[in-house]
Amino acid sequence: MYRELVLELTKGNEWVKVQPPCSETVISEAEKVVGYSFPEELKNLLREMNGDKWLFLSAEEIIENVKLNREIFLPLFEEDYSKEEYQERVDRFIFFATNGCGDYYCYRVCPNGTADKSVIYIWEHEYIGDSCCWRPVANNIKELIVRYCNGEI
């Protein structure tokens, strides 16, 4: 479903390179590194295509992104903010797509450790110092694909 939608909406876009499906083993490893279970729709996306080299990150890129964010942002927050502020602004998100400008599309993780799958946010790095650097952009992955491809977000 997602693969076909991406291919249909990005016809002629030479940057889109839909990748082969991701294995369950790699999805599980990504969840382990991120520290949260992925919503089923994200797992289904990865099962259909492991990223597209344009909007969606592969499971391996999700892992690398988390490691990089912890390496870069954690020291910044240890210097200027509390561990709770770091968790609130960076670590309680599942980043799975990007706009190519340093911002990410993501799920927000509730304090109980479960992802809020009712909304997808854009996490904007320019506002990392603000109390809120995310805002809602879609209700699900399908809507994210359509809105992104139509230039609405």
Side-chain angles (χ1 to χ4, degrees), residues 1-24 26-27 29-31 33-74 76-77 81 85-110 114-153:
M1 171 179 102
Y2 301 118
R3 182 186 195 323
E4 290 80 15
L5 182 61
V6 167
L7 290 171
E8 176 64 30
L9 293 175
T10 61
K11 280 183 184 172
N13 183 333
E14 64 188 58
W15 301 105
V16 177
K17 310 249 187 284
V18 172
Q19 301 299 296
C22 186
S23 72
E24 293 296 326
V26 176
I27 292 171
E29 177 63 21
E31 289 178 308
V33 172
V34 171
Y36 305 112
S37 295
F38 293 174
E40 198 61 32
E41 72 173 353
L42 177 54
K43 290 181 191 181
N44 289 336
L45 173 75
L46 292 167
R47 289 174 185 134
E48 286 185 39
M49 59 179 201
N50 193 19
D52 64 5
K53 304 288 184 186
W54 183 60
L55 171 62
F56 292 108
L57 302 174
S58 67
E60 295 83 2
E61 290 168 324
I62 291 171
I63 290 169
E64 279 305 307
N65 186 60
V66 166
K67 289 178 180 178
L68 187 61
N69 282 343
R70 289 177 182 157
E71 182 180 309
I72 292 172
F73 289 120
L74 185 55
L76 169 73
F77 275 82
Y81 302 95
E85 288 172 305
Y86 166 77
Q87 289 175 322
E88 184 67 23
R89 294 185 201 170
V90 180
D91 215 35
R92 283 193 26 220
F93 294 92
I94 300 171
F95 300 111
F96 65 91
T98 181
N99 65 5
C101 299
D103 302 324
Y104 293 94
Y105 298 100
C106 55
Y107 296 99
R108 183 147 168 75
V109 178
C110 302
T114 61
D116 176 2
K117 55 190 178 212
S118 68
V119 64
I120 294 172
Y121 296 92
I122 186 167
W123 182 91
E124 298 173 294
H125 74 283
E126 297 92 344
Y127 302 111
I128 190 70
D130 296 347
S131 61
C132 182
C133 56
W134 62 92
R135 61 183 168 81
V137 293
N139 294 315
N140 53 54
I141 290 176
K142 182 180 177 184
E143 182 181 347
L144 174 67
I145 294 167
V146 171
R147 294 194 69 217
Y148 189 83
C149 291
N150 289 333
E152 297 172 6
I153 53 175

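In this chain, residues are counted from 1 in sequence order. Just so it is clear, the structure is predicted and the values come from calculations on it, not from any experiment.
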Colleague: Who pairs with Lys43 by salt bridge (charged side-chain N to carboxylate O under 4.0 Å, His left out), at least two apart in sequence or on another chain?
Modeller: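 Scan of Lys43 (salt bridge (charged side-chain N to carboxylate O under 4.0 Å, His left out), adjacent residues dropped) gives Glu31.
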Colleague: Under the side-chain hydrogen bond (donor to acceptor under 3.5 Å, both in side chains) test, which residues partner Tyr105, sequence neighbours left out?
Modeller: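 By the side-chain hydrogen bond (donor to acceptor under 3.5 Å, both in side chains) rule, Tyr105 matches no residue at all.
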Colleague: Return the set of residues passing side-chain contact (heavy atoms from CB on, under 4.5 Å) with Asp103 (not counting sequence neighbours), or none when no residue passes.
Modeller: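 Only Asn99, Ile122, Glu124, His125, Glu126 meet the side-chain contact (heavy atoms from CB on, under 4.5 Å) criterion with Asp103.
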Colleague: Does the side chain to side chain contact (heavy atoms under 4.5 Å, CB included) test come out yes or no for Trp123 and Arg108, once each step is laid out?
Modeller: CA-CA 10 Å; Trp123 182 91; Arg108 183 147 168 75; over 6 Å; no
Colleague: Check side-chain hydrogen bond (donor to acceptor under 3.5 Å, both in side chains) between Ser118 and all other residues, then give those that pass, not counting sequence neighbours.
Modeller: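 In terms of side-chain hydrogen bond (donor to acceptor under 3.5 Å, both in side chains), with neighbours along the sequence ignored, Ser118 is linked to Asp116.
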Colleague: Taking all non-hydrogen atoms of both residues into account, name the closest pair between Ala59 and Asn50 and its distance.
Modeller: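 Ala59 and Asn50 have their closest heavy atoms at N-OD1, 2.7 Å.
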Colleague: Quick check: do Phe93 and Val109 have side-chain heavy atoms less than 4.5 Å from each other?
Modeller: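 With C-beta onward as the side chain, the pair stays apart.
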Colleague: In chain order, what residues pass the salt bridge (charged side-chain N to carboxylate O under 4.0 Å, His left out) check against Glu48, with sequence neighbours excluded?
Modeller: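 Glu48 satisfies salt bridge (charged side-chain N to carboxylate O under 4.0 Å, His left out) with no other residue.
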Colleague: Of all residues at least two apart in sequence or in a different chain, which pass the side-chain contact (heavy atoms from CB on, under 4.5 Å) check with Pro21?
Modeller: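 With sequence neighbours excluded, Pro21 shows a side-chain contact (heavy atoms from CB on, under 4.5 Å) to no residue whatsoever.
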Colleague: Taking only residues two or more places apart in sequence or in another chain, which ones pass salt bridge (charged side-chain N to carboxylate O under 4.0 Å, His left out) with Glu143?
Modeller: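 Result, salt bridge (charged side-chain N to carboxylate O under 4.0 Å, His left out) vs Glu143: none returned.
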Colleague: For the residue pair Cys149 and Thr10, what are the closest heavy atoms and their distance?
Modeller: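 Smallest heavy-atom distance, with atoms named: SG-CG2, 3.7 Å.
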Colleague: Can Phe96 and Leu46 be said to form a side chain to side chain contact (heavy atoms under 4.5 Å, CB included), step by step?
Modeller: CA-CA 10 Å; Phe96 65 91; Leu46 292 167; over 6 Å; no
Colleague: Test of understanding: with side-chain hydrogen bond (donor to acceptor under 3.5 Å, both in side chains), list the residues that count as partners of Ser58, not counting sequence neighbours.
Modeller: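 Partners of Ser58 by the side-chain hydrogen bond (donor to acceptor under 3.5 Å, both in side chains) criterion, ordered by chain and then number, come out as Glu60, Glu61.
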Colleague: List the residues meeting side-chain hydrogen bond (donor to acceptor under 3.5 Å, both in side chains) with Arg3, not counting sequence neighbours, and say none if there are none.
Modeller: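 Arg3 satisfies side-chain hydrogen bond (donor to acceptor under 3.5 Å, both in side chains) with no residue once adjacent residues are dropped.
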Colleague: Once side-chain contact (heavy atoms from CB on, under 4.5 Å) is applied, do any residues pair with Val146, and if so which ones, sequence neighbours excluded?
Modeller: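 Partners of Val146 under the side-chain contact (heavy atoms from CB on, under 4.5 Å) test: Leu5, Leu9, Asn150.
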Colleague: Which atoms form the tightest heavy-atom contact between Ile94 and Ser37, and what is the distance?
Modeller: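 Smallest heavy-atom distance, with atoms named: CD1-O, 3.7 Å.
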Colleague: Mind running side chain to side chain contact (heavy atoms under 4.5 Å, CB included) on Val137 and Tyr121 for me, showing each step along the way?
Modeller: CA-CA 5 Å; Val137 293; Tyr121 296 92; 5.8 Å; no
Colleague: Filter on salt bridge (Lys or Arg N to Asp or Glu O under 4.0 Å), then keep only pairs touching residues 7-24, sequence neighbours left out; what's left?
Modeller: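 Counting only pairs at least two positions apart or across chains, the salt bridge (Lys or Arg N to Asp or Glu O under 4.0 Å) contacts touching residues 7-24 are Glu8-Lys11, Glu24-Arg47.
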Colleague: Please list all pairs meeting ring pair (Phe, Tyr, Trp, His ring centres under 6.0 Å) that have one or both residues in residues 50-69, counting only residues at least two apart or in different chains.
Modeller: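 Matches after skipping sequence neighbours: Trp54-Tyr148.
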